[in-house]
Enquirer: 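Before anything else, here's the structure in question.
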Number of protein chains: 2
Amino acid sequence: MSADPSEDAPGTSPVSGATQSDLARELGVSRTLVSLALRGRAGVSPAMRRRILETADRRGYRRNTMAAELAGRRRTSVGLHLLDARNEIYSTILHSVQEELAGRERRLVLAVDSAPEHPDPRAVDTLLEANVGVVISTAVIGSEADIAALTARVPLIAMFRRVPGVDSISSDDDVGARRAVEHLADLGHRRIAHLTGPLFSGHSDRRESYQRSMSAMGAPADVVEADGYSRDAGLSAARGLLERPPGHRPSAVFAHNDELALAIREAAADLGLSIPGDLSLVGYDNSRTAGLTGIDLTTVDVAAADLGRAAAAAALRRLEDPAAAVVDRRFAPHLVVRGSTGAPRES
Amino acid sequence: MSADPSEDAPGTSPVSGATQSDLARELGVSRTLVSLALRGRAGVSPAMRRRILETADRRGYRRNTMAAELAGRRRTSVGLHLLDARNEIYSTILHSVQEELAGRERRLVLAVDSAPEHPDPRAVDTLLEANVGVVISTAVIGSEADIAALTARVPLIAMFRRVPGVDSISSDDDVGARRAVEHLADLGHRRIAHLTGPLFSGHSDRRESYQRSMSAMGAPADVVEADGYSRDAGLSAARGLLERPPGHRPSAVFAHNDELALAIREAAADLGLSIPGDLSLVGYDNSRTAGLTGIDLTTVDVAAADLGRAAAAAALRRLEDPAAAVVDRRFAPHLVVRGSTGAPRES
DNA sequence: CTGAAAGCGCTTACAG
DNA sequence: CTGAAAGCGCTTACAG
């Protein structure tokens with residue numbers, strides 16, 4: 001895995017452009033001097049510095065960061081591991097991470113899982129091979145031993161999961177899911193189903209919190225598992241749930257995320273069920289879509305942009321000081337009540 | 001610009017992990033042999049190859065792609081320049097590009113503009129410094145001379161804009177905008193406004209096509225320019241448009257993209273205007289949001305996923321053969337009629 | 001089948 | 001203030 005023998009892609013592009021050596025040659029000075037001047041380091045006379053910068057500009061010199069990092073024995077770029085680019089929560093995180101990085105001379109190298117339902121450890125390998133200095137992962141999977149092996153190679157910022165000894169930026173799913181269920185219970189619902197996706201290690205907090213909340217109110221838990229976490233993946237499970245025989249259909253559904261909630265919404269529309277008349281619905285994430293007129297989805301706000309910013313800040317901090325104290329920021333989610341929830345019809 | 005003297009970020013992470021030299025030393029062979037074996041090249045006995053791969057695995061060897069590219073005088077990674085990660089069209093493109101690249105040993109380096117309304121040439125600089133072998137840009141800006149200067153450094157795949165001599169993956173905006181206007185005209189609308197964003201070079205096709213279509217039907221063009229292309233940026237312009245005194249408000253709006261159409265929708269809801277009763281609305285992009293029950297937006301489908309796939313394919317092709325014939329793929333958009341358009345009230 | 005040498009573009013000590 | 005040398009991790013000719 002680490003050394004793929006079938007590699008060696010034929011496709012390559014020839015390298016081009018002026019180098020520091022070219023500039024040094026043109027000016028008749030040493031490469032060292034050019035390097036120093038370009039980086040604004042001490043040890044170059046003002047006049048010389050000006051000449052060098054002017055020449056660099058004229059020649060359209062662009063520094064080869066990869067070579068610089070190799071020579072400098074350092075790594076400055078940030079790797080971001082995303083589960084699904086099309087899910088608004090991840091694109092929001094991408095956006096806020098990028099904003100924090102902008103203007104800080106940090107490159108962003110991306111690894112996106114192609115099958116979000118089954119996160120691939122290889123995705124992070126890409127980042128390691130790209131020699132990033134820190135990895136922000138929105139889906140830290142595997143055992144704590146796996147994670148320890150990873151962090152031995154590169155500092156990790158874990159999002160949405162708390163990992164002991166690792167910088168963690170999370171949202172309290174336990175609280176979020178409880179608020180969702182309690183809100184439905186307060187409205188009078190007892191038959192509350194939970195639509196979620198495949199279970200993978202470290203990502204069961206919402207489900208477990210749902211189960212605990214249900215048992216606390218003495219109601220049976222009803223977990224339905226879709227093939228994934230996207231709207232498309234959730235559609236057939238959603239349909240199955242809503243097509244249950246009369247009396248077995250829940251009066252409310254709490255979905256693991258807004259995408260799955262939207263799947264429920266579409267399925268409900270197909271079956272002629274009205275929301276919240278026939279079915280109350282709670283999502284999770286508070287995506288911008290959830291707040292749209294006509295969607296009006298009750299959901300749990302996790303402040304995705306804040307999470308992204310915090311993760312980027314943690315990454316920059318870790319890059320600057322590998323020995324800094326471990327960060328464990330846990331954000332409190334809050335319920336945003338909109339029009340998709342109401343009292344059950346027959347109660 | 002090219003040589004920023006204020007650079008030299010303090011934050012760095014020390015490099016770590018086994019190298020080919022480490023493996024060679026452990027096995028008592030040359031570095032060359034290790035390199036050959038790791039890449040599956042000829043010239044290594046099967047037994048030796050096996051030993052080397054086994055050792056690499058055991059030591060958790062991870063190849064340093066940056067060093068490999070530097071030494072091999074080639075570039076294999078793909079740079080993607082996105083205008084706005086939160087706009088669904090770009091996240092869809094990101095997703096499809098990444099899918100095409102997955103499993104092909106291609107890294108994706110991302111540059112996202114922080115202010116999409118004013119694309120920053122520096123964003124692409126980041127990609128150049130990351131030594132990417134090809135740049136896919138969703139917003140090629142500047143004059144053709146600027147573009148020529150860029151393509152002298154790195155092959156470019158231009159999206160959404162046709163650039164002579166440059167691989168271009170575009171959608172025919174002229175046709176798309178005409179279809180939108182004609183659809184509204186067919187419904188009986190004459191007062192059709194166009195909500196767009198700031199003008200920048202190479203991106204005025206929809207606007208111009210709208211203007212031509214309006215003048216073809218003998219109606220006055222009514223272009224309203226928002227501060228940007230995002231929903232938030234469009235909100236105040238949308239409000240201004242809909243708050244016009246009676247008789248001056250358009251009966252239909254054709255928006256530059258779905259984001260701006262959603263801004264119109266929100267503004268209309270705030271003002272108590274119904275869609276399509278009081279106002280017909282056409283977007284552009286056919287984002288997944290547009291098709292949602294409750295949104296039901298008539299829009300122009302540009303097949304964003306296809307565009308992304310085509311761009312990725314063009315990038316891979318260009319990487320493999322710098323001398324390949326220039327690609328100019330132009331997709332035909334089509335109108336998707338949904339519930340946001342209808343006959344004008346008083347007609 | 002295997003190895004010694006040169007070099008990619010850059011930076012970091014170390015000498016002047 | 002300036003330069004010659006060594007080296008980052010790797011690959012590519014070139015010799016055996």
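Protein chains get the first letters and strands the later ones, always in sequence-line order, with residue 1 at the start of each.
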Enquirer: For A:Arg317, enumerate each residue passing the salt bridge (charged side-chain N to carboxylate O under 4.0 Å, His left out) test, keeping only those at least two apart in sequence or located in another chain.
Expert: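 Partners of A:Arg317 under the salt bridge (charged side-chain N to carboxylate O under 4.0 Å, His left out) test: none.
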Enquirer: Of the nucleotides C:dT11, D:dC1, D:dT11, which one has an atom closest to the side chain of B:Ala68?
Expert: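 Looking only at side-chain atoms, B:Ala68 lies closest to D:dT11.
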Enquirer: Partners of B:Asp22 by side-chain hydrogen bond (donor to acceptor under 3.5 Å, both in side chains), sequence neighbours excluded?
Expert: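 For B:Asp22, the residues satisfying side-chain hydrogen bond (donor to acceptor under 3.5 Å, both in side chains) (neighbours in sequence not counted) are B:Thr19, B:Arg25.
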Enquirer: Please state how far atom CD1 in B:Ile52 lies from atom C1' in C:dC1, giving the value in whole angstrom units.
Expert: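 After rounding, the gap between these two atoms is 11 Å.
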Enquirer: Could you pull out all residues at least two apart from A:Ser77 that satisfy side-chain hydrogen bond (donor to acceptor under 3.5 Å, both in side chains)?
Expert: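 Partners of A:Ser77 by the side-chain hydrogen bond (donor to acceptor under 3.5 Å, both in side chains) criterion come out as none, since no residue qualifies.
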Enquirer: Could I get the full list of side chain to side chain contact (heavy atoms under 4.5 Å, CB included) partners for B:Leu156, not counting sequence neighbours?
Expert: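 So B:Leu156 forms a side chain to side chain contact (heavy atoms under 4.5 Å, CB included) with B:Val135, B:Ser137, B:Val140, B:Ile147, B:Leu150, B:Thr151, B:Val166.
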Enquirer: Nearest whole angstrom, please: distance from the P of D:dG9 to the CG of B:Leu38.
Expert: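 About 15 Å, once rounded to whole Å.
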Enquirer: Provide, to the nearest angstrom, the distance between the CG atom belonging to A:Leu70 and the P atom belonging to D:dC8.
Expert: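 Atom CG in A:Leu70 sits about 9 Å away from atom P in D:dC8.
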Enquirer: Can you tell me which nucleotide in C:dC8, D:dG7, D:dG9 comes closest to the side chain of A:Ala71?
Expert: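 Comparing C:dC8, D:dG7, D:dG9 against the side chain of A:Ala71, the answer is D:dG7.
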Enquirer: Got a sec, which residues hit side chain to side chain contact (heavy atoms under 4.5 Å, CB included) with A:Ala68, two or more places apart in sequence or on another chain?
Expert: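 Expected list: A:Arg63.
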Enquirer: Rounded to the Å, how far apart are B:Arg73 CZ and D:dT12 C1'?
Expert: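 Checked: the CZ to C1' distance equals 7 Å.
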Enquirer: Which residues pass the side-chain hydrogen bond (donor to acceptor under 3.5 Å, both in side chains) test with B:Arg162, not counting sequence neighbours?
Expert: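 For B:Arg162, the residues satisfying side-chain hydrogen bond (donor to acceptor under 3.5 Å, both in side chains) (neighbours in sequence not counted) are B:Asp328.
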Enquirer: From the options B:Arg107, B:Arg75, B:Arg74, select the one residue that forms a side chain to side chain donor-acceptor pair (under 3.5 Å) with B:Glu69.
Expert: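 Going through B:Arg107, B:Arg75, B:Arg74 one by one, the side chain to side chain donor-acceptor pair (under 3.5 Å) with B:Glu69 is satisfied by B:Arg107 alone.
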Enquirer: Does B:Arg39 make a side-chain N or O approach to OP1 or OP2 of D:dT12 shorter than 4.0 Å?
Expert: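 Yes, B:Arg39 has a side-chain N/O under 4.0 Å of OP1/OP2 on D:dT12.
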Enquirer: Ignoring backbone atoms, test whether B:Arg41 places a side-chain nitrogen or oxygen under 4.0 Å from the OP1 or OP2 oxygen of D:dT12.
Expert: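 The answer is yes; a side-chain N or O of B:Arg41 sits under 4.0 Å from OP1 or OP2.
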Enquirer: Round to a whole Å and report the spacing from CZ of B:Arg59 to P of D:dG9.
Expert: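 So the two atoms are 13 Å apart, to the nearest Å.
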Enquirer: How many Å lie between CZ on B:Arg74 and P on D:dG9, as a whole number?
Expert: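 Taking CZ of B:Arg74 and P of D:dG9, I get 18 Å after rounding.
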Enquirer: May I have the distance from B:Glu69 (atom CD) to C:dG9 (atom P), rounded to whole angstrom?
Expert: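 For the pair B:Glu69 CD and C:dG9 P, the rounded distance is 13 Å.
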Enquirer: All N/O contacts under 3.5 Å from nucleotides 2-5 of chain C to the protein, with atom names and distances to one decimal?
Expert:
from	atom 1	to	atom 2	distance (Å)
C:dT2	OP2	B:Ser45	N	3.1
C:dT2	OP2	B:Ser45	OG	3.2
C:dG3	OP2	B:Ser30	N	3.1
C:dG3	OP2	B:Ser30	OG	3.4
C:dA4	N6	B:Thr32	OG1	2.5

Enquirer: When Watson-Crick pairs (N1 to N3 and N6-O4 or O6-N4) and G-U wobble pairs (N1-O2 and O6-N3) count only below 3.5 Å on both distances, what is the dot-bracket string of DNA chain C, with | for other-strand pairs?
Expert: |||.||||||||.|||
Enquirer: Run the side-chain hydrogen bond (donor to acceptor under 3.5 Å, both in side chains) test against A:Glu26 and tell me which residues pass, sequence neighbours left out.
Expert: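 A:Glu26: side-chain hydrogen bond (donor to acceptor under 3.5 Å, both in side chains) contacts with A:Arg58, A:Arg59.
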Enquirer: Under 4.0 Å from OP1 or OP2 of D:dG9: is there any side-chain N or O of B:Ser21 that close?
Expert: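 No, B:Ser21 has no side-chain N/O under 4.0 Å of OP1/OP2 on D:dG9.
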